Amino acid sequence: MASGNLHEPLVRRKRKITFVDYLIKFRWILVIFVILPVSLAFDLMNYFGDKWSEIKSYRRRQKDHDKNVERVIKRLRERDPAKDGLVCTARKPYISVGMRNMDYKRARRFEVDLSAFRNILSIDKDRMIARVEPLVSMGQISRVTVPMNLALAVVAELDDLTVGGLINGYGIEGSSHIYGLFSDTVVSYEMILADGTLVKATADNEYSDLFYAIPWSQGTLGLLVAAEIKLIEIKDYMRLTYRPVHGKRPRDLGQAYIDSFTDPDGNQDSDKVPEFVEAMVYSDTEAVCMTGRYASKEEAKKKGNKINSMGWWFKPWFYQHAQTALKRGEFVEYIPTREYYHRHTRSLYWEGKLILPFADQWWCRFLLGWMMPPKVSLLKATQGEAIRNYYHEKHVIQDMLVPLYKVPEALEFVQREIELYPIWLCPHRLFKSPYKRMIYPEAGFERHQRRGDTPYAQMFTDIGLYYTPNPILCGEEFDGVEACKQIERWLIQNHGFQALYAVTELNERDFWRMFDASLYSRCREKYKAIGTFMGVYYKSKKGKKTEKEVREEETKLHETAYMEPEEA
């Protein structure tokens, strides 16, 4: 797919319209009359379930938790390795926020039910720690903590994202340029190992290697049953500044984004650095950079200040509201903190426009906005094989995690090879640690003193690609599978990483070129996960698993490259 002119997108042939295109075009009928009402029913059921949990005392919740842990241990010990499949959770294959359809659950498997683990076990204001079960969602925990002027250090934007998914997979937010990824804010993990042993892993106890191996492991080292997560103090409002950016090419937008939040003096821990950062690129020449700081109620309500209660169902979608800065110029407004945290939920970033083409119109927001968004799990459950393949081939859902200084080059690559807008930019720190984890900073990054870097962490950025590429929208040929491969090759060459909730085309060799296997493999062997829990590549790779692959994974032996602790 290489192009002769590095600054011009490829010229593609016109493509034939198929029956699946019409299914996609008119899918809004199913969404309005079936998926939205059922989604609302699920939300109400979960809401009242969460309220019932909140009524219980912390002691009662802990007692229920202990019983559920014993039940899981008993179930795990019932497994017969000679005839039962690999262990996985009993959640249906389509029940996940990511677009990957969990094909491993269509093969022979041994299911363990973790559906009861959806309670907040304690909020410790003295230690500033929340202890929660893995199915606690971001919407659930922010509803409890924000009225206490507390929040998780990293609150992922979508309401339905769960603690377990964000730990074992990938989680980021506008505060990640300070606190790192979601897993970096975890203080301890409570996990059931392959032999049924319940352990607590922290950064400095006997399970410290397991503590650093769990993030990105996709639940392949054990069954997570609880986690302690860092809390921070917050204020009632977010003071958000919208800055429009215009450039001649994508590289200019990338550099403006870097300049928007990094300290020119190299002190990334100074007060000059905003508390929240994100940017949205709307075309190859236009973007809006947003920086936020917590603000008190008194400050927000001062005369002349603009308060935007964007949480109302009839309000414009956040990404479209931010886009108005391109015409209005720079402006500032105050947003209630919890509404800011979940600003992308109602529109699913901008995917809602494809699911329900007129959902952003004022009349539709007023009439149906209170039912938005449709559950991603229900969308996946009703899409069928043809639509599922269409999304894999004609749609892009990928997160490219790249070193901050390579963002301008990455935006040029996306424009040339994919031509997809809007693009989400969100910075995050990648910390050095005593062990080399699956994702890790570039060797020697601290010597270069690049913008955003510190001696203990390299600044990365998530480049979020979630939309139908412009060639498809223009009726041209586009190979989504090849585009995914191009992204993966670029990431490997530029020390970048791919979020594993999305579809991957990597073979096993290239998978372990992108990610580091040493600590992960060591823990897989040490804690006897091999032959019980699926390997992370097996779990991530595309396609239904055959019986032969199940057998191979059950008996797989790793040539473990043991990793000695590095000096922090």
Side-chain angles (χ1 to χ4, degrees), residues 36 39 43 96-99 137-143 146 151-152 154-162 165-166 169-177 181-182 238 240-242 257 275-282 287-292 308-325 333 335-356 359-360 364-365 368-377 379 395-400 420-428 461-468 499 501-502:
L36 278 180
S39 295
D43 283 336
S96 67
V97 177
M99 292 306 293
S137 69
M138 292 298 98
Q140 179 184 353
I141 196 165
S142 67
R143 190 165 52 242
V146 169
L152 299 182
V154 174
V155 183
E157 289 91 346
L158 302 183
D159 282 19
D160 287 347
L161 295 173
T162 63
L166 296 168
Y170 167 65
I172 190 173
E173 221 281 307
S175 60
S176 289
H177 67 295
L181 298 176
F182 186 87
M238 184 65 62
L240 195 63
T241 302
Y242 302 79
Y257 157 74
E275 292 172 299
F276 278 78
V277 176
E278 73 175 326
M280 284 179 274
V281 183
Y282 293 97
V288 175
C289 296
M290 287 150 283
T291 54
N308 179 9
S309 297
M310 63 171 57
W312 290 102
W313 74 90
F314 51 81
K315 286 278 190 165
W317 289 354
F318 179 72
Y319 84 95
Q320 294 177 336
H321 172 67
Q323 192 174 8
T324 63
E333 63 184 14
I335 303 170
T337 297
R338 186 168 185 267
E339 295 178 18
Y340 174 77
Y341 284 156
H342 302 295
R343 61 199 177 278
H344 292 298
T345 291
R346 200 152 38 94
S347 60
L348 295 175
Y349 287 89
W350 28 86
E351 286 280 324
K353 180 73 174 174
L354 295 175
I355 298 167
L356 205 57
D360 59 334
C364 189
R365 294 199 311 269
L368 299 176
W370 54 280
M371 288 198 289
M372 290 289 286
K375 293 287 185 187
V376 174
S377 57
L379 291 168
H395 194 77
V396 176
I397 297 284
Q398 294 287 341
D399 284 271
M400 301 170 61
L420 174 151
Y421 297 98
I423 297 172
W424 188 58
L425 302 180
C426 186
H428 70 90
T461 280
D462 179 343
I463 300 178
L465 308 175
Y466 327 122
Y467 210 59
T468 297
Y501 74 86

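Quick caveat, the model's predicted, so the values are computed rather than measured.
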For Asp360, all residues meeting salt bridge (charged side-chain N to carboxylate O under 4.0 Å, His left out), sequence neighbours excluded:
Lys353
Just by distance, do the side chain of Ser39 and the backbone of Lys375 share a donor-acceptor pair under 3.5 Å?
yes
Which pair of non-hydrogen atoms, one from Pro427 and one from Ile172, has the smallest distance, and what is that distance?
O-CD1, 4.2 Å
Got a sec, which residues hit salt bridge (charged side-chain N to carboxylate O under 4.0 Å, His left out) with Glu157, two or more places apart in sequence or on another chain?
Arg343
Phe182 side, atom CZ; Met138 side, atom CE - distance, nearest 0.5 Å
4.0 Å
Answer whether the closest heavy-atom distance between the side chains of Asn308 and Lys315 falls below 4.5 Å.
yes
Go through the steps for Thr324 and Tyr242 under the test side chain to side chain contact (heavy atoms under 4.5 Å, CB included), then give the verdict.
CA-CA 9 Å; Thr324 63; Tyr242 302 79; over 6 Å; no
Atom CG in Asp399, atom OG1 in Thr461: separation rounded to 0.5 Å?
12.0 Å
Would you say the side-chain atoms of Thr345 pair up with the backbone N or O of Asp159, donor to acceptor, closer than 3.5 Å?
yes
Beyond-backbone contact of His342 with Val155, side-chain heavy atoms, under 4.5 angstrom:
yes
Just wondering, do Val376 and Glu351 contact through their side chains at under 4.5 Å, heavy atoms?
no
Contacts of type side-chain contact (heavy atoms from CB on, under 4.5 Å), residue Leu465, not counting sequence neighbours
Val396, Met400, Val414, Ile418, Leu420, Ile423, Ile463, Ile487
Identify the two heavy atoms, one from Ala359 and one from Gly352, that lie closest to each other, and give their separation to 0.1 Å.
CB-O, 4.5 Å
Which class fits the ring pair Tyr466 and Trp424: parallel under 30°, tilted 30 to 60°, perpendicular over 60°?
tilted
Calculate, to the nearest 0.5 Å, the distance between atoms CE and OG1 belonging to Met238 and Thr291 respectively.
10.5 Å
Closest heavy-atom contact between Glu339 and Gly311?
OE1-N, 2.8 Å
If you look at every heavy atom in Tyr319 and Ser347, which pair is closest and at what distance?
CD2-OG, 4.3 Å
Check salt bridge (charged side-chain N to carboxylate O under 4.0 Å, His left out) between Arg365 and all other residues, then give those that pass, not counting sequence neighbours.
none
As an exercise, state the distance from CG of Leu379 to CD1 of Ile355, rounded to the nearest 0.5 Å.
5.0 Å
Side chains of Tyr341 and Glu173: do they bring a donor and an acceptor to under 3.5 Å?
no
Between Phe318 and His344, is the ring-ring contact (aromatic ring centres under 6.0 Å, His included) condition met? List the steps.
CA-CA 7 Å; Phe318 179 72; His344 292 298; 5.4 Å; yes
Atom pair CG/CG of Leu152 and Leu166 - distance to nearest 0.5 Å
9.5 Å
On a heavy-atom basis, which atom in Tyr257 and which in Ala279 lie closest, and how many Å separate them?
CD1-CB, 3.7 Å
Plane angle bin for Trp312 and Phe314 - parallel if under 30°, tilted between 30 and 60°, otherwise perpendicular:
parallel
How about Pro422 and Tyr349: do any of their side-chain heavy atoms sit closer than 4.5 Å?
no
Nearest 0.5 angstrom please: Phe276 CZ to Ser176 OG, how far?
9.0 Å
Flag side-chain contact, heavy atom, 4.5 Å: Asp462 against Tyr170
yes
With sequence neighbours left out, the residues meeting side-chain contact (heavy atoms from CB on, under 4.5 Å) with Met371 are Leu36, Leu40, Leu368
So does Met290 get a backbone contact from the side chain of Glu278, meaning a donor-acceptor N/O pair under 3.5 Å?
no
Tell me if a side-chain donor or acceptor on Arg346 pairs with a main-chain N or O of Trp370 at a distance below 3.5 Å.
no
Partners passing ring-ring contact (aromatic ring centres under 6.0 Å, His included) against Tyr282 (at least two apart in sequence or in another chain)
none
